[in-house]
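Throughout, protein chains are lettered first and strands after them, A, B, ... in sequence-line order, and every chain is numbered starting at 1.
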Amino acid sequence: MTIFIIRRLVQSVILLWIVSIIAFLAVYLIGNPVDLIANDMSTPAEREAAMRTLGLDRPLYVQYLTFVGRAVHLDFGTSFMSSLPVSQLIFQRLPATVELTIFSFLISLLGLPLGVFAGLYPKSRLAKFIMSSSILCFSLPSFWIGLMAIMVFSVYLGWLPSTGRGETVSLFGVSFALTWSGLRHLVLPGVVLALFNLALLIRMARNNMLEVISTDFVRFARAKGVSERRVIWVHAMRNIMIPIITIQGAELAQLLTGALVVEQIFGYPGIGRLAIEAINTLDRPVLVAYMMLTVSIFVLVNLIVDILYGIVDPRIRLGGAHD
Amino acid sequence: MQLDTMSKAPGASSNGAPPPLLQTKGISRVFRQPIDLLERLAVRAGLSNAKEQVVRAVSAVDLTISAGEVVGLVGESGCGKSTLGRMVAGVMPPSSGQLLYKGRPVAGLSARDAAEFALKVQMVFQDPYSSLNPRMRVRDIIGEAPLFHGLTTRTGLTHYVSDVLTQVKLDPSYMDRFPHQFSGGQRQRIGLARAMAVNPELIVCDEAIAALDVSIQAQVLNLFLELRERFRFGYLFISHDIGVVEHISDRVIVMYLGRVVEEARTEDLFARPNHPYTQALLKSVPKIEKRRSSFEAMKGELPSPLNMPTGCPFHTRCPHSMQICKSQIPELTDIAPGHKSACHLNSG
Amino acid sequence: MTDHVQPTPAPISPSAVADRTIWNFARRFLASTQARIGFGLLVLLLFLCLIGPGIVPQDPYDLTQVSFMDSRLAPGSVSSGGYRHWLGTDAQGRDMLSAIVYGLRLSVFVALTATTTAFAIGTVIGLLSGFYGGALDTVIMRIADTQISIPPLLSALVLMATAGPGVGNLILSIIVVYWAYFARLVRASALVERRKEYVDAAICLALPTRRILLRHLLVNCLTPVTVLFTILIARAVLLESTLSFLGIGVPVTQPSLGLLISNGFGEMMSGRYWIALFPGLVLVLFTFVVNLVGDRLRELFNPKLPD
Amino acid sequence: MTVPTLSVQNVCVQFDADGRELTAVDDVSFDVDPGRVLGLVGESGSGKSVTALSIMRLIESPGRITRGNILLNGHDILAVTEEEMRHIRGSRIAMIFQDPMMTLNPVLRIETQLIEGILAHRKMPWRDAWTHARDILGQVGVPSPDERMKAYPHQFSGGMRQRVVIAAAMLHEPDVIVADEATTALDVTTQSQILFEMQRLCSDRRTALIWITHDLSVVAGLAHEVAVMYAGRIVEMGPVDEIIDNSMHPYTRGLMESLPSRNQRGRPLRQIPGTAPSLANIPAGCAFRTRCGRATEICFQQPEVMEPRAGHSSRCHHPVN
């Protein structure tokens with residue numbers, strides 16, 4: 001198990017390193033930010049001065065090394081646009097996104113009982129309805145369903161606010177939307193963001209349940225006279241959780257990037273909007289920081305998932321951990 | 001079919017006779033699951049006790065099969081009989097040792113001769129479901145190789161395939177069906193037809209009837225016997241079913257944990273089993289004649305192939321285990337004409 | 001002895017024993033109402049993409065056919081030119097129905113081209129990787145893993161931001177994002193198929209490797225990939241429209257469905273719902289029917305697929 | 001007259017497939033007495049596994065028991081509620097499945113899987129249940145049971161797993177154990193170890209044992225009575241010596257004669273022609289008539305059960321002797 005975790009750690013670090021190169025190169029290729037900052041009247045000398053201040057005159061590898069050196073200390077430089085430290089910009093916005101992601105992840109967990117039900121009673125009308133709905137949920141682009149939700153719930157019905165984050169409270173210097181208004185602001189974007197993963201969970205839970213319920217070990221548990229409740233909640237659930245946990249790690253990261261679109265529509269002040277603004281203004285440091293942050297969170301979540309996976313599945317935990 | 005061109009007297013006189021059809025010399029197969037760099041580092045640092053996992057599936061086996069001979073290969077699961085069969089059939093390369101075809105090392109054959117050798121030794125597999133390509137019609141399953149190797153022509157294919165199908169007692173009009181439209185017994189016949197279609201001299205049957213129902217087993221076994229009469233195939237008949245092996249084989253080889261422990265003519269082996277493992281194995285086989293018997297339990301469990309005992313592989317379960325058995329691997333020696341056994345009891 | 005006894009013998013229905021021909025498959029496929037609806041609508045929509053430009057009232061990209069006079073007409077209004085705009089017009093005075101048909105065409109074109117190419121590339125790579133194994137396999141799979149470990153939207157976003165909007169770039173980014181999914185799945189099935197005895201039989205029959213790869217391995221690996229293919233087409237349509245919605249997908253001169261919806265974003269608050277509503281409905285409908293078909297295929301093939 | 005431990009009377013099991021009723025088990029009857037072993041022999045698809053599951057009342061939809069009674073110590077278990085049946089399962093009737101690799105839940109410890117079987121029927125402290133489970137595990141021949149209780153199934157060999165399954169079946173000293181191909185997946189040496197244990201355990205505890213297998217040789221050594229199934233029906237039943245030495249039904253005879261040991265070495269085996277019919281097209285009348293050399297016109301009618309010798313019955317119009 002120790003070796004299993006160490007291996008995952010090493011893999012994670014390598015992945016982060018590769019991503020840092022890709023992110024850096026890609027962003028480098030986007031274009032010269034000086035073209036945006038400098039106006040038409042700028043003299044070549046002024047442009048050069050600007051390049052020098054931003055550190056863009058040095059060779060690419062030097063820029064990369066400087067970047068890595070700083071990134072290790074969570075220093076991603078200064079935003080070209082706002083002249084604020086990037087880390088400050090990001091950490092200002094991060095709580096909002098994390099909140100949104102977690103909130104919508106929790107909503108999507110509803111898919112688990114729905115899917116289990118559909119797997120246990122596959123022929124019932126309700127199960128069929130759940131399954132068709134899940135296909136529909138798969139097919140809804142979040143930006144469009146977000147717009148429609150705003151139209152219906154904010155514009156016509158006026159039940160829920162459509163933009164912003166509402167009031168927040170500050171705890172230990174971090175703002176939380178733990179107010180009534182804050183929570184109301186979370187509902188629409190949270191639900192819209194959750195739909196895809198909800199559908200995914202329904203389908204995974206249902207298909208795995210169908211499969212596991214017809215295994216010999218479930219039949220054997222019944223033959224021992226174990227109650228049906230225990231058969232389902234202990235024997236079947238333990239087994240279907242293994243594939244679900246693996247996929248959910250990746251899905252959390254998907255939610256994080258999905259937040260990018262949702263934040264855009266709901267005018268929600270998270271890091272996703274920051275990233276879109278950075279793309280539009282070629283704000284390299286912000287964009288690189290965004291990518292690194294997202295992938296780091298993803299890697300971290302997956303590491304946790306791997307460990308969890310090992311705990312749930314003894315075949316991994318007790319050796320024989322073959323990839 | 002051009003089977004008539006290769007008729008040879010089975011078991012031709014031994015002195016001055018042509019070299020045996022197929023021979024293995026010290027053939028071995030090792031499967032390794034190497035540990036990666038990280039694990040090696042962890043072992044150094046004392047964080048882990050990971051070891052490279054090495055399975056010696058087959059260890060230094062000498063085997064001789066004459067033309068037209070039926071050799072039975074018995075042993076329990078994991079004893080390496082299947083791996084040995086695959087190496088003989090050329091499906092799996094040996095880790096070390098030599099395979100000789102009519103006295104010539106296969107490794108040294110020219111590409112042309114190697115292809116000829118490949119065709120001369122064919123295989124019939126255990127699983128009637130996965131051994132036939134589900135996406136191909138019977139015509140192509142059987143006809144693909146003969147067509148490719150020029151044993152028939154595109155125009156002659158139908159005739160060729162229906163010939164082979166008739167040999168295995170299947171209706172040639174089923175030629176355009178897919179495997180899933182046949183029963184298990186019929187599929188095994190198709191598998192046999194596929195092997196026969198390239199005019200082999202030796203057919204390795206790897207548990208070829210194990211997956212079939214009892215009444216179907218007899219049908220397929222009879223077919224094996226009948227085709228052997230007609231075409232003088234040799235068989236390497238790999239099975240865990242000792243009754244079947246006794247019925248069909250001229251000679252029987254017993255394997256345990258990757259090694260041959262005993263080898264003899266069938267009558268001799270069943271009448272006078274020498275090796276303690278063979279004795280225990282034969283005693284374990286339920287027989288319809290043994291009515292209301294108390295079953296005798298052989299002691300202990302089969303050791304994990306990852307953790308092979310030192311010395312004689314059987315010493316952990318052997319009732320006669322001696323000091324020497326723990327340290328020294330017994331040689332396979334002649335104990336009677338044509339009867340070999342690998343046991344320290346014989347040398348004492 | 002392995003006696004293949006099923007604990008509860010699934011009665012062998014005649015349909016399960018029947019010939020595995022294409023017609024038979026079609027019959028089984030269409031046995032479900034859901035599949036019939038999905039497949040019927042899919043064919044209809046694809047047909048519309050093919051012949052759409054010939055039957056819609058205007059070419060929305062032809063500036064001579066579009067008039068600012070007609071901008072933001074409500075559905076059902078009659079324009080200055082005399083046609084009735086069943087789905088209204090947008091801010092530039094384009095007929096929404098025409099724009100939607102053109103937009104769908106573009107969205108479907110991008111998704112189909114990209115997914116098909118990714119499918120081809122991924123399949124070849126996955127097959128070779130699975131068959132040969134070894135160092136090649138390790139390297140390829142590490143690359144694929146890295147690729148997959150970055151969420152598709154993020155990779156595509158960065159790629160598009162780097163390359164700039166454009167249909168070609170869009171297709172390329174989707175290929176880059178999706179090839180790895182195909183490669184991984186094909187490799188996994190190749191590994192499973194590789195161990196089956198029919199492959200050993202082919203080796204034993206001294207058939208050349210290329211033939212074994214194509215005639216034996218490939219055809220048997222394709223079933224699960226077909227399901228993935230449909231799923232990823234649906235996802236590619238969504239990905240394309242999301243990128244276009246964010247303004248880094250298709251160029252403004254060639255609006256796909258996503259860009260049309262994006263154009264309607266601002267108009268929503270003023271009550272002009274139709275500019276965003278109708279393209280969105282068509283987008284959902286298309287994705288939905290592709291997913292319906294994919295779901296049915298999955299049911300029939302019953303592969304253990306990552307969702 | 002004593003009541004048999006288990007009495008299966010005229011049981012039919014049918015499956016609904018595409019609107020057709022397929023009969024998997026047709027009018028099956030047999031009795032088992034305490035401490036006796038009944039060998040139920042048949043090839044795949046003969047309905048022997050379905051018979052086992054119907055004794056447990058574990059037939060899954062779309063199958064159901066459409067007729068008959070199953071009496072456990074004289075009480076019909078087909079008439080009790082599902083909750084009562086649950087209490088019978090595992091405590092009065094236990095079952096052992098074919099594949100020990102699939103029968104144990106891979107993610108639960110052995111102790112969990114044993115103890116839940118105890119606690120499902122008896123209220124007792126967990127600690128006591130643990131001790132009891134450990135003792136049983138030792139009795140079925142698992143070495144160092146204390147440590148093995150903590151292990152997971154994948155850490156066991158096939159033979160050891162089957163012992164764990166047997167331990168689970170023995171937890172409450174049931175009246176009947178139904179073993180469905182319990183040693184088919186194992187090697188011969190392991191098989192003989194398991195058979196040895198089963199024989200010992202069942203005769204010590206006077207447990208009735210139904211041993212289902214396709215292997216006549218195993219039955220010959222283990223069973224007191226033998227029932228032979230073909231296409232859902234019991235075609236012949238009687239004491240083991242009667243069945244093996246004086247079988248009356250051509251199918252039983254054919255099965256026996258096709259065994260290699262009953263043939264001259266190297267000569268063609270006597271064989272039964274054709275294949276067993278699938279459930280969907282079982283021939284009307286005597287199902288075996290399509291493969292039977294003795295079949296005549298009358299075989300188109302269903303033969304009744306005849307008992308020409310005491311305790312030895314068969315369903316055949318043309319019995320062999």
Can you give me the closest heavy-atom contact between [X] and [Y], atom names plus distance?
{"X": "D:A120", "Y": "A:G225", "answer": "CB-O, 3.6 Å"}
{"X": "A:K224", "Y": "D:H121", "answer": "O-NE2, 2.8 Å"}
{"X": "A:F217", "Y": "D:L104", "answer": "CB-C, 3.6 Å"}

Item checked: Spacing of CG belonging to D:L108 relative to NE2 belonging to A:H235, to within rounding of 0.5 Å ->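 Interatomic distance, D:L108 CG to A:H235 NE2, rounded to 0.5 Å: 5.5 Å.
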Check: How long is the gap from CE on D:M101 to CG on A:D216, to the nearest 0.5 Å?
Finding: 13.0 Å
When heavy-atom pairs shorter than 4.5 Å are enumerated against chain A, which of [options] gives the highest number?
{"options": "D:H87, D:R89, D:E83, D:M95", "answer": "D:R89"}
{"options": "D:M56, D:Q113, D:M85, D:E116", "answer": "D:E116"}
{"options": "D:A94, D:P106, D:S91", "answer": "D:P106"}

Checklist line | Part of D:M102 lying under 4.5 Å from any heavy atom of chain A | finding: both
Item checked: Under 4.5 Å from any heavy atom of chain A - which part of D:E82 ->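 For D:E82, there is no contact with chain A at all, as no heavy atom is under 4.5 Å.
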Using side chain to side chain donor-acceptor pair (under 3.5 Å) as the criterion, list what pairs up with [X], not counting sequence neighbours.
{"X": "D:R148", "result": "none"}
{"X": "D:S61", "result": "none"}
{"X": "D:D99", "result": "none"}

Next item on the list: Mind running side-chain contact (heavy atoms from CB on, under 4.5 Å) on A:F220 and D:T103 for me, showing each step along the way?
Entry: CA-CA 6 Å; A:F220 182 62; D:T103 319; 3.3 Å; yes
Check: Can you check salt bridge (Lys or Arg N to Asp or Glu O under 4.0 Å) on D:E60 and A:R219, steps first, answer last?
Finding: CA-CA 10 Å; D:E60 280 157 26; A:R219 199 172 288 127; 3.2 Å; yes
Item checked: Heavy-atom proximity to chain D below 4.5 Å, by part of A:T215 -> neither
Check: Can you name the residues of residues 160-170 of chain D that have some heavy atom under 4.5 Å away from a heavy atom in chain A?
Finding: D:V165, D:A168
Check: Should the heavy atoms of other residues, nucleotides or ligands under 6.0 Å from CH2 of D:W126 be counted, would the total exceed 12?
Finding: yes
